[in-house]
Amino acid sequence: MFKGLKNLFLNLRIRNKFMLGYLTIFVFTILLTSIIIFFIAQKTISKNIESELKNSTRLILNMVKTSAHVSIRNYLRAVAEKNIDIIHLYYNQAVNGIISESEAKLRARENLLSQKIGTTGYIYTAHSTGISNIHPIKEVEGTDFSHLPFVNELVTRKIGYLEYEWKNPGEKEKKPKALYMDYFEPWDWIIAVSTYREEFGQLVKINDFEKSISSLKFGQTGYPFILDSKGNIIIHPFSSGNIYDAQDGNDKDFIHYICLKKNGQINYSWKNPDEKEYRRKIAYFNYIPELDWIVVSSGYLEEFNRPLKSLQIILISISGIALLLSLILSWAISNLINHRLFIIVSKIKKSVEGDFSVSIDELAKDEIGLLGKYFNKLMKYLSYHQKERDLSELKIQEAYFTLERKVIERTEQLAEANKVLQIQNQELKEAARLKEDVALMTSHDLKNPLNGIISLPQFLMFDENLTEDQTLTLQKIMDLGYTMLNMVNLTLDLFKMERGIYQFKPEKINLFEIMDLISIEKHSQLSAKKVNIIIQLGEGCNKNNHIFNVQGEKLLCYTLFANLIANAIEASPKKQTITITFSKNQQAIITIHNLGAVPENIRDRFFEKFATSGKEKGTGLGTYSAKLIVETQQGSISMKSSEEKGTIITIKMNKYE
């Protein structure tokens with residue numbers, strides 16, 4: 001199936017391929033972007049919901065704690081002050097002689113012991129010495145508790161609120177308590193109204209803060225509520241009583257969960273009394289141990305997520321508009337490119353048939369226009385080269401016919417004929433030299449258009465939308481360009497360097513990578529002579545990494561060292577070692593040493609053009625091109641050679657810092 005779809009796509013026209021490709025990328029990009037934006041917004045809203053509910057729950061928790069604390073403190077204080085007033089009454093009766101002082105103290109005692117604070121709280125008194133004188137537990141009375149820290153504070157302050165831990169006789173553990181104390185100075189009684197913290201909930205006046213909590217809203221209809229761990233509602237805007245067994249729209253016992261966990265988060269569905277349908281809710285809850293209350297902040301997800309629906313509408317609208325614009329634009333662009341490509345293909349077809357007079361419109365400045373420009377230059381130079389070739393062939397033919405005619409006419413004058421023949425041979429050599437010069441100049445002029453002809457088909461062939469015929473045509477253009485480029489490439493760079501017109505573009509080159517590549521390439525040559533290459537690191541080189549960076553061009557550096565190492569292998573005696581040393585000071589320095597010696601007759605002109613000796617296939621261009629390449633890269637090269645020490649080539653180049 002995939003292969004069938006691929007073939008179907010390849011058979012489409014370029015216009016349709018462009019449109020299908022652009023639309024596919026666009027739809028995927030828009031869809032992916034929309035999904036990412038939506039999920040980021042959803043995540044952000046969820047975090048905001050969580051933060052709002054958590055902060056609100058914490059705020060309500062602190063509000064309830066503070067209100068409960070104040071309510072309990074005020075309650076205990078009111079009881080203490082009321083009892084002080086009663087004791088004053090008994091005291092005044094004793095002062096006025098109505099009753100005795102002992103009777104007054106007895107009545108006050110009975111009154112204090114008859115009161116309960118909450119379920120198990122009570123009132124007791126102590127003297128300023130720390131000795132208990134009135135207590136519901138008889139054995140506690142008369143005991144000196146001044147060694148206890150809270151008693152020290154009690155007798156020191158005499159009036160005020162205090163929290164502490166206490167264990168009555170017969171109890172196993174201490175329990176947290178709170179008291180409010182007041183002082184009756186005539187009898188040196190410190191009146192302590194105390195209760196256990198676990199009973200605070202019975203003493204809190206809910207009306208003090210119920211209104212402020214009920215007024216809070218989350219979203220439009222979300223609200224907080226408070227219940228105890230048994231499911232009894234303390235504060236709720238709609239419900240009352242015990243809701244421990246309440247279930248949500250999915251029969252989930254969410255109140256069980258809240259009462260069991262006491263702190264956390266839960267999602268559930270809920271329907272208020274005046275609503276027809278269940279809605280999803282999210283709730284955060286925290287526990288107040290001293291009151292045995294659970295504070296819950298809840299809100300409806302649909303209200304929190306309403307901005308997401310608006311965002312969906314916006315994203316769909318933008319995507320639709322952008323899709324329409326992309327469709328129109330891709331159709332127009334693909335139609336224009338397709339039309340111009342058909343024109344270029346038809347012109348190339350004519351040129352392949354031998355018509356070099358064809359040309360392409362160069363008005364456009366894009367890649368297709370650039371392809372047309374270089375195509376026109378190629379046709380111009382091919383036409384010129386064809387004329388020069390025809391002219392050279394014509395001259396040779398004329399010379400041949402002239403020679404033949406003169407041989408026939410002057411057979412009797414052999415000496416003179418030979419002389420004429422020599423003259424004609426010299427003319428032929430001159431014509432050949434002229435032909436070579438023309439070829440060199442033509443090579444120079446062909447380099448730029450050839451690069452364009454090669455690179456542009458490569459660029460176009462990356463497009464999978466091309467038809468098979470178009471791909472083959474572009475491949476033919478590229479193959480033809482490579483063939484011609486290989487013919488001119490060897491001499492053209494050297495020609496530019498000789499005339500000082502080569503454009504050097506330095507970049508960071510790691511020579512170790514170049515050396516590794518050359519070693520692999522020269523493996524067979526090294527094996528044939530049983531010669532080894534050793535790399536040494538000298539001054540300024542880090543022996544722990546395989547990096548030696550210089551400023552240069554990768555192709556030039558490869559050509560330079562490939563030629564020099566090839567010469568060193570050829571010159572080295574068999575079974576010997578070639579040593580390549582890397583070092584740094586102000587410059588990067590590379591030395592190549594072999595035990596072979598350069599012949600004396602060429603040592604002084606080692607780097608000159610055509611300097612060679614004793615090589616059957618030597619051209620004398622290797623060291624000459626090496627010198628040009630080094631100097632083009634703003635470096636220098638030198639040679640030392642002797643029969644005793646062999647030959648050392650030293651190359652200095654600019655470091656890449």
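Because the structure is predicted, anything quoted here is derived from the model rather than measured.
- In this structure the side chain of Asn542 never reaches within 4.5 angstrom of the side chain of Ile547, judged on heavy atoms.
- The local environment of NZ in Lys640 is sparse, with at most 12 non-hydrogen atoms from other residues, nucleotides or ligands closer than 6.0 Å.
- A salt bridge links Arg603 with Glu643; the closest basic N to acidic carboxylate O contact falls under 4.0 Å.
- Using a 4.5 Å heavy-atom cutoff, the side chains of Lys584 and Glu539 are not in contact.
- Each of Gln633, Lys627, Gln634 was evaluated against Glu631; a single residue qualifies, Lys627, per the side-chain hydrogen bond (donor to acceptor under 3.5 Å, both in side chains) test.
- For the residue pair Thr647 and Ser641, the shortest heavy atom distance occurs at OG1-OG, 2.9 Å.
- Minimum heavy-atom separation, Ile518 to Ala562: CD1-N, 3.5 Å.
- Lys522 and Ala566 get closest at one heavy-atom pair: NZ-CB, 3.7 Å.
- Looking at every heavy atom in both residues, Ser583 comes nearest to Cys541 through CA-SG, 3.8 Å.
- Counting only distance, with no hydrogens or angles, the side chain of Thr591 and the backbone of Thr650 share no donor-acceptor pair below 3.5 Å.
- Ring-plane geometry between Phe548 and Phe512 is classed as tilted, the angle between the planes lying from 30 to 60 degrees on a 0 to 90 degree scale.
- Rounding to the nearest 0.5 angstrom, the gap separating the CG atom in Leu564 from the OG atom in Ser625 is 8.0 Å.
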Checklist line | Intermediate values then yes/no, side-chain contact (heavy atoms from CB on, under 4.5 Å), Ile648 and Ile592 | finding: CA-CA 6 Å; Ile648 299 176; Ile592 303 173; over 6 Å; no
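- With a 4.5 Å cut-off on side-chain heavy atoms, Ser572 and Glu570 do not count as touching.
- Atom CD1 of Ile629 and atom CD1 of Ile637 lie 9.5 Å apart (nearest 0.5 Å).
- In this structure, the separation between CD on Gln551 and CD1 on Ile509 is 10.5 Å, given to the nearest 0.5 Å.
- From Phe606, atom CZ reaches atom CG of Asn567 across 6.5 Å, with rounding to the nearest 0.5 Å.
- No more than 12 heavy atoms of other residues, nucleotides or ligands shown are found within 6.0 angstrom of CD on Glu600.
- With contacts defined as side-chain heavy-atom distances shorter than 4.5 Å, the pair Leu526/Asn532 does not qualify.
- Scanning all heavy atoms of the two residues, the minimum distance from Cys557 to Gly552 falls at SG-CA, 4.4 Å.
- To the nearest 0.5 Å, atom CD1 of residue Ile649 and atom OG of residue Ser638 are 7.5 Å apart.
- The side-chain heavy atoms of Asp516 and His546, taken from C-beta on, include a pair separated by under 4.5 Å.
- Tested against Val550, the residues Glu507, Met653, Lys652, Lys508 include a single side-chain contact (heavy atoms from CB on, under 4.5 Å) partner, Met653.
- Expressed to the nearest 0.5 Å, how far CD of Gln536 lies from NE2 of His593 amounts to 10.5 Å.
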Candidate pair Lys574 and Lys530, rule side-chain contact (heavy atoms from CB on, under 4.5 Å), full reasoning:
CA-CA 6 Å; Lys574 291 183 178 180; Lys530 298 182 179 180; 5.7 Å; no
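- The closest side-chain heavy-atom distance from Ile580 to Met515 is below 4.5 Å.
- Heavy atoms only, all atoms of each residue included: Pro573 and Val531 are closest at O-CG2, 3.8 Å.
- You'll find the side chain of Phe561 reaches within 4.5 Å of the side chain of Ile651, heavy atoms only.
- Here the side chains of Ile534 and Ile578 are not in contact, with every heavy-atom distance at 4.5 Å or above.
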